[in-house]
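A quick note: this is a predicted structure, and the numbers were derived from the prediction, not measured. Side chains are part of it too, since the values below use all heavy atoms of this structure and drop only hydrogens, waters and symmetry mates.
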Amino acid sequence: MTIKIVGPRLLVKQDKIEDRDPDSTSARVKAAKAAGLEVIQSVDKETMLEQAAQVYGTLIAIGSRSWFPPVGDGTPWAKVGDRVQYAKYAGAYTKDPETGEKYTILNDEDIIAVIEGEKSE
């Protein structure tokens, strides 16, 4: 299957959300436990997503009408391979049935930042 992006749309591969291992503890958590305090470290993925104001991902594909009016002048502000930030509820979610990879289809105006100085996955 191929996802072909059309118009002013972008295909972004969502960053993976890391699971926290409840058995991995920092020095502060260990000290709290040693003092007899109960420390709850487990947070499910949906709760982590709800707490995040923005989402990050890697730009995979750019539609042929991206960056043009009314949003821009045709000069792209991001390119394929860039790590980008976008609002959590922006776009539509899709999944490649063959690979299981999760993607977000965004309007070009939904990109709120390009993250520089980091290598994308």
Side-chain angles (χ1 to χ4, degrees):
M1 178 184 111
T2 301
I3 301 171
K4 183 179 178 184
I5 297 304
V6 297
R9 308 281 191 276
L10 310 170
L11 183 67
V12 175
K13 181 180 176 187
Q14 301 172 13
D15 283 355
K16 291 185 177 153
I17 300 168
E18 295 180 22
D19 286 325
R20 289 188 174 188
D21 180 5
D23 294 328
S24 68
T25 54
S26 67
R28 285 190 291 173
V29 171
K30 287 179 183 177
K33 285 183 177 181
L37 298 173
E38 182 178 344
V39 179
I40 300 172
Q41 291 181 281
S42 177
V43 177
D44 63 85
K45 286 183 183 183
E46 187 59 32
T47 301
M48 289 171 55
L49 276 176
E50 288 173 2
Q51 293 173 352
Q54 292 87 24
V55 181
Y56 297 88
T58 302
L59 189 56
I60 301 298
I62 300 172
S64 62
R65 294 296 305 157
S66 293
W67 324 124
F68 285 93
V71 175
D73 61 2
T75 307
W77 53 81
K79 63 187 181 306
V80 170
D82 281 351
R83 187 152 183 264
V84 295
Q85 180 179 10
Y86 54 97
K88 178 184 184 228
Y89 294 107
Y93 299 99
T94 189
K95 189 175 179 181
D96 184 330
E98 293 175 6
T99 65
E101 292 288 340
K102 294 180 183 178
Y103 297 96
T104 303
I105 300 172
L106 300 169
N107 291 323
D108 53 3
E109 63 199 29
D110 293 333
I111 298 293
I112 58 176
V114 176
I115 311 302
E116 295 179 347
E118 287 186 20
K119 291 183 178 181
S120 61
E121 292 181 17

(request) Please identify each residue that fulfils salt bridge (charged side-chain N to carboxylate O under 4.0 Å, His left out) with Lys4, with sequence neighbours left out. (result) none
(message) Which residues pass the salt bridge (charged side-chain N to carboxylate O under 4.0 Å, His left out) test with Glu101, not counting sequence neighbours?
(response) Lys13
(message) Ignoring hydrogens, what is the shortest heavy-atom contact between Ile62 and Lys79? Give both atom names and the distance.
(response) CD1-CA, 4.0 Å
(request) Give the minimum heavy-atom separation between Ala78 and Leu59, together with the two atoms involved. (result) CB-CD2, 3.8 Å
(request) Please examine the side chains of Asn107 and Tyr86, heavy atoms only from C-beta on, and report whether any two atoms are closer than 4.5 Å. (result)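 Result no, sub-4.5 Å side-chain heavy-atom pair not found.
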For [X], give me all partners under side-chain hydrogen bond (donor to acceptor under 3.5 Å, both in side chains), at least two apart in sequence or on another chain.
X      : value
Gln14  : Thr104
Asp110 : none
Thr75  : Asp73

(request) Mind checking side-chain contact (heavy atoms from CB on, under 4.5 Å) for Ala61 and listing every partner two or more places apart, or none if nothing turns up? (result)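 Listed in chain order: Ile5, Leu11.
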(message) Please report the interatomic distance CG(Leu10) to CD1(Ile111), rounded to the nearest 0.5 Å.
(response) 5.5 Å
(message) With rounding to the nearest 0.5 angstrom, report the CH2 to CG distance, Trp77 to Asp108.
(response) 5.0 Å
(request) Applying side chain to side chain contact (heavy atoms under 4.5 Å, CB included) between Gln85 and each of Val114, Ile115, Val55, report the one that passes. (result)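 Result: among Val114, Ile115, Val55, Ile115 is the only option passing the side chain to side chain contact (heavy atoms under 4.5 Å, CB included) with Gln85.
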(message) I'd like to know if the side chain of Ser66 reaches the main chain of Arg9, judged simply by a donor and an acceptor atom lying under 3.5 Å from each other, with no hydrogens or angles considered.
(response) yes
(request) Take Tyr93 and Lys102 through the test side-chain contact (heavy atoms from CB on, under 4.5 Å) and record every step on the way to the result. (result) CA-CA 7 Å; Tyr93 299 99; Lys102 294 180 183 178; over 6 Å; no
